[in-house]
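Below is one structure, written out as structure tokens, with a few remarks after it.
Below, chain A is the first sequence line, B the second, and so on; all start at residue 1.
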Amino acid sequence: ACGSGSTGGDSGSSSSSGGGGGAENAKVAFLMPDLASTRYELADKPLFEAKMKQLCPSCTVIYQNADSDAAKQQQQANSAMAQGVKAIVIDPVDSAAAATIVKTAQSQQIPVIAYDRPVPATPADYYISFDNEKIGNMIAQSLVDHLKKENAKGGILEVNGSPTDAAAGLIKKGIHSAIDPSGFKLLAEYDTPDWQPEKAQTWVSGQITQFKDQIAGVVAANDGTGGGAIAAFKAAGVKVPPVTGNDAELAAAQRIIAGDQYNTISKPIKIVAEASADVAYQFMQGKKPAGKTTLYNTPSQLFVPTVVTKENINEVLFQSGIMKAAEACTGEYAKGCAELGIK
Amino acid sequence: MSPTEQADSVLSLRGISKTFGAVAALTDIELDVAAGQVMAIVGDNGAGKSTLVKILSGVHPPDSGTITFESREIQIPTPAAAHKLGIATVFQDLALCENLNVIQNLFLGQEVRPLRLNDVAMETRSWELLRQLSAKIPSVRVPVAALSGGQRQTVAIARSLLGDPKVIILDEPTAALGVAQTAEVLNLVERLRENGLGVIMISHNMADVQAVADTVAVLRLGRNNGVFDVGAVSTEEIIAAITGATDNAVSQRQARRKEGLPS
Amino acid sequence: MSPTEQADSVLSLRGISKTFGAVAALTDIELDVAAGQVMAIVGDNGAGKSTLVKILSGVHPPDSGTITFESREIQIPTPAAAHKLGIATVFQDLALCENLNVIQNLFLGQEVRPLRLNDVAMETRSWELLRQLSAKIPSVRVPVAALSGGQRQTVAIARSLLGDPKVIILDEPTAALGVAQTAEVLNLVERLRENGLGVIMISHNMADVQAVADTVAVLRLGRNNGVFDVGAVSTEEIIAAITGATDNAVSQRQARRKEGLPS
Amino acid sequence: MNSTLTTDRQDERLSGREGLRGAIADVLERARGGDLGVIPVVVGLIVIWTVLQILNPIFLSSANLVNLTLESAAVGIIALGIVCVLLVGQIDLSVGSVSGLSGAVLAVLFVSNGLPVWLAILAAVIMGAVIGWVYAQLFNRFGVPSFVITMAGLLAFLGLQLYVLGSKGSINLPFDSGLVNFAQLDFVPPWLSYCFAVIAAIWLFASGYLHAQERRRAGLSARNLSTLLIRSVALLAVLAFVVYYLGQTRGVGWMFMFFVGLVLIMHYMLSRTKWGRAVYAVGGNVEAARRAGINVKAVYTSVFVLCSTFAAVGGILAAARLAAANQSSGAGDVNLNAIAAAVIGGTSLFGGRGTAFGALLGIIVIQSISSGLTLLNLDSSIRFMVTGIVLLLAVVVDSIARKSRTSHGRA
Amino acid sequence: MNSTLTTDRQDERLSGREGLRGAIADVLERARGGDLGVIPVVVGLIVIWTVLQILNPIFLSSANLVNLTLESAAVGIIALGIVCVLLVGQIDLSVGSVSGLSGAVLAVLFVSNGLPVWLAILAAVIMGAVIGWVYAQLFNRFGVPSFVITMAGLLAFLGLQLYVLGSKGSINLPFDSGLVNFAQLDFVPPWLSYCFAVIAAIWLFASGYLHAQERRRAGLSARNLSTLLIRSVALLAVLAFVVYYLGQTRGVGWMFMFFVGLVLIMHYMLSRTKWGRAVYAVGGNVEAARRAGINVKAVYTSVFVLCSTFAAVGGILAAARLAAANQSSGAGDVNLNAIAAAVIGGTSLFGGRGTAFGALLGIIVIQSISSGLTLLNLDSSIRFMVTGIVLLLAVVVDSIARKSRTSHGRA
Ligand SMILES: Nc1ncnc2c1ncn2[C@@H]1O[C@H](COP(=O)(O)OP(=O)(O)OP(=O)(O)O)[C@@H](O)[C@H]1O
Ligand SMILES: Nc1ncnc2c1ncn2[C@@H]1O[C@H](COP(=O)(O)OP(=O)(O)OP(=O)(O)O)[C@@H](O)[C@H]1O
Ligand SMILES: [Mg+2]
Ligand SMILES: [Mg+2]
């Protein structure tokens, strides 16, 4: 670490080492991992920024999205440090590889808050998340329960996320933890390259020819691939079995309203994003916030997501204000909305 | 044998210059070509003959100078403009598309029935043209890449006859041709002259020049080095103008052969 | 004037045939070239001359037939093999790399000091060679793409002299050359003969053939059509053999000119 | 019949053949010479079909082949545009982004703004054309390599796609809209499919016959009646079999018919119009084309516009097939697959060589591999490896068949 | 001095210039003629640096430029290999996968199997060489287009990478290992950096002087003393400034020095050896090269091996810089960036034109854009759009500078 002793750039560095109290005009980095899910740009970022603005009107948030590339995330972190940020909130592309970023930042006395995904190898200063593995487990479990209730016969298809995405790996693990002991046969599973819905559609189409009516349900790791799976059934002209999702995208909500998709999962992004802004602000002021629990040797706060189905969609997504009925209940979805009482 | 009096010129150049990087390829060239006249341009290798041709056919713009065509001062910015004016050119490097076959090359840019190509008409016409030049091409449906050097040159010459040009420029048209094909091309040049076209022919072959040209313009190192009337000049004089000396490799060789030196 | 008795041959071909698709380019060719002898190969366009050259220089494999070099029967599978045997070739299409400059092209494949190229030595030698052929090349450091047709041909010829060949094959070496350069090349061919090399020269120019060749082999439509001793044959006879008829475009043209018909 | 030689058969070096025997001999001769057109690709295709069928017997089932045809259409249409740019020796790396953007524009206009579907489609297609026109301007004016222009486009239009989708992220197209139906559920009725097959065969025969007549009248060699008949009957048999086999399940999709129709139109344009000649000429030797008086810049413009337009059309169909437009539409391997389809179909990356049918065959190769291996349910690591190997296999077979070309002097 | 003309200046059409004045006139003349080598790229670079600096004043800060140099090294080395394949008119699409695989192999051998680091590096590099060799065999034997071979490689080696990483998915390299230090923390001490700068300047002067002497002795025109001096002093000034400015923070990283060293070696190999000549010849006209007796297959083999080896080395450095190898290493835009760096640096996709320095400049352009826009804190959609536009801007500047080339008859 001796080589990096003099880091920090021209102006920002001198004040950053001083630390104490004044966080005015400070910068904080908010580094998100990918564009495969819309949530980072549409939810996490604006919510975090809004909360930050409220806590510290003169502070700036440096937002970056690494587009699923760990090396790019490293570059983004480095450039944030060159700009003299006082804290980094990072949702790592690769939990293992992010250790470098944590190391580099900590060597410059910049605190790092792991967001959404942990950095197990090198403890960050704080960890705030819901648990991806748990998410996988919850969507799958909800589907399994539903199938059991309906006395469905047959097996399950599993559409995982990108084979080169660490988060997808966690979700996959979670899904298996629910399906493997469920008694339903896992007909086949597929890692969708780049989370592409088209790929998921192609694969599911093939499985429909292969397994015909044995397919009782499909566990898809996010809403995009879930949508691809549904389109495959529609295109094959067969009945759509229950299909899961994850991320609670608007399009998924509409499909749930229309009865095409069985579930998705809504993460309390607002709560998490605001909590992380809180924690980051404390760090920027030079405080050391304490965690609710400790995970991976890191003071942590974990939040629990909610599975959304037709039964609870109104209350979880619409009444809570996460989504607006006016956006979702357009055209063909108006009827479904009316039935579910969404206004 | 042929009219040498200066007819009013179809094409005349004044003060044409062209530089490539550090090399002055053409300096202050003057030239007049009349309808119904064959003008030969001769000169050593690299004298600038092909550069001049390229300027006339719109391939390169000149750096300076004016071109007058049918008494109007014109610009020839592109080869398409030259075509439109009625200037057809056979380039020294032939400029054929090797991936296209003979018919496709012949009619390139002037296809019969643009929206539904008339292959039969084009093939028939191709055979006519090629026969006329006594080309020895076994099939016109092979890509030009598969033709011999002389066969390609014949294709390039045949192509220049297709439109209805007023001036035809031939840059070393017989370089790769066999004796029979050369004779046909010379016949052709004479026919073109009879039809009132202006013909510019570049050649290193003094016999051919003497045979068909009316006037000979000599270029030397990118400059005019005299315009001669073919009837009034001997081969030796032309060669002297080309090489810039009366004592040159050609005359030495001839002298040696006459003296019958051993080999 | 020159030795016409059959020396024992460096290179002889028996029954060489080559087909391209549906075209029989060469059928049953026989040929013998002796050291210290200049063999001219003549023939109409597409007669198969260049194909024969390409077979001898390892560019195409023959379909059938045998090649004997210095009394050993050999295969020439690649151009590199031909180089190794001592067969140097000037191709009709020159085969130069347009992106490389003159020096780089001249020494391609036979650079001086492979691991630390000696540019100075190569440039000096290049100028020597080019001067010797009285090339008019302003600079040897420009890419070949910027040279005129004749300049390129000079480069290709100069290249063939670089190694230490036993047989030199020249495929229409003077086609694009000016009068002075042509004379130099003919001088060169005579010097090569004196140095005991076997020379195969392809040309459409009967005057050149008569000037330097010892024997003339005529190809017609891919077949042997006679081998003549230059001393004992007239231009007219050779032309008759090439065109396959005594009454041909060339003789007609000549007759017409003699009779002085109006152009 | 062979006694008097036609104009184009008089050279005595030609192995003289006419009639049916001649035609067969010709094909064999060309096979020996390596000049086989699309035959090597077909051979490659047969090899990989066999392999995949052995690995999973469902692969050649009617249902799966129907899927295959439908999945080929969108990227196939994009590949058709790529063939055109490759023919002039240029490249377009942005077809993926443009297709994604086009899907996004369609969805936003149609679903979010409630425009009629035809207007939304038109807008997306026009946008594609405009993008191509901009590329062409940059290329013609500044001479920037098309690789870099379109790479800039790849990034910029990906950004625009995200921007257009904006806060929605992913937009569903209604399943009951005509567009989605077209891409998913509309199949040509069996009787009409057979009609198409018959019409194609008759058309092949008639046009061949008239052409032969015309050639004979002009004193040129021509295919004789039996050759023409055999050709047409063979075509009829193949098409009828395809229609029959696909008809076992759902039949021939309209979207696939649309793709085939575009292939036929492009084939005509490239082989039978002045424009097509100009495209090949520019690709073969742009300077020669310019000297022949061809407006080279116009050719480049037309080709870039065509390519981007096809990309937009492909994007619309992809969105229709998925019944959604989202941020990852057009990302991933769309670019690579489209270019690879063109290259596998025999289009040269150096320009001047290739056909519209090549795009059709190429995309079928690519989709067969992808569909065949998707069916195998392998680990993704293994799947990637096997995909690579099978792709290589298909192309090696093709290349071996072509190989003799060089040794016969046609590079 | 100008009175007697040297051998190479005797043609009277040459505008005769010698000495310093001549050198300047020559440069101007070449600028007018559009034959500027890398100058246009440098101009493009200056333009985008100015733009980015205006947009965010941190961009040209020493700390950021140090990051920039370090981030350029890995992909820059890959681009160096790409330059070689492009020079022979081929392409390698698999450099991303190969670099990812190489990182994975390194990590597995070094971390999981506990091999010494040098052995793990050696194994990864050899694997790269073997991959290139296999490509070359396929290319030489079967004549499969390199586009398709390497696309198959892209898939197969991505699969292999996933397979090698196995269930671990991502492997950390220990922070205290020499390799990670080399990529992250090792900087050239200031005195040594200045030494390097001085050595480079002296070497430039000495070699130029000796060369000029030799030329004069051979009767050829040569650069005169003042030109040589000015050149060397200018180089010294530039290098010393770079060292000084980067030294404001961390200085010049050893990894960057390693990259620059490789660039210099490749520059020497390409411009001063027989092999380099053969590479350019094959790219310019492969048939002419073959006829000149060059072993064309060996040249292709060397080039493919070199490219894959560089890809492997780049992959090792990328892993070291990230201190981890994971499934997405080498994925994403590594391929596109490496090829774009080569193309932006003036390498032609059609072969025969390009330099090793082009790869250096090209990657700096690419990384500047990427780093500059990272600093700007934009939405992804806007960032993509701006990236595309800035990239285009850089290259349009470059192309306008080059443009006069065609109008002066050099295509
Ligand atoms: N595109 C070009 N770029 C640079 N220099 C060129 C270019 N074209 C021609 N030159 C130079 O201009 C001069 C004249 O060339 P040109 O081709 O006009 O000669 P030429 O008289 O046709 O010779 P030849 O008889 O050999 O065909 C030559 O020195 C050549 O090097
Ligand atoms: N690579 C090839 N592919 C197909 N056909 C070829 C090929 N090369 C030559 N031919 C054919 O072989 C025949 C002989 O060609 P060749 O080049 O040997 O003629 P040539 O005697 O050199 O003619 P020229 O005097 O015109 O140079 C020609 O009809 C030509 O079309
Ligand atoms: Mg010329
Ligand atoms: Mg020949």
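- Annotation: residues 385-395 of chain D contacts chain E through D:M385, D:T387, D:G388, D:L391, D:L392, D:V395 [non-hydrogen atoms, separation under 4.5 Å].
- Contact count against chain D (heavy-atom pairs under 4.5 Å) is highest for E:I339 among E:I382, E:V286, E:I339.
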Please assess E:L336 against D:L93 for the test side-chain contact (heavy atoms from CB on, under 4.5 Å), listing each intermediate value before the final yes or no. CA-CA 10 Å; E:L336 208 55; D:L93 297 176; 4.0 Å; yes
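- The interface of residues 152-166 of chain E with chain D, defined by heavy-atom distances below 4.5 Å, comprises E:A152, E:L154, E:L155, E:A156, E:L158, E:G159, E:L160, E:L162, E:Y163.
- Residues E:L349 and D:L349 fail the side-chain proximity criterion, which asks for heavy atoms closer than 4.5 Å.
- Between D:M151 and E:D333 there is no side-chain heavy-atom pair separated by less than 4.5 Å.
- In this structure, chain E has a heavy atom under 4.5 Å from the side chain of D:L138, while its backbone stays farther away.
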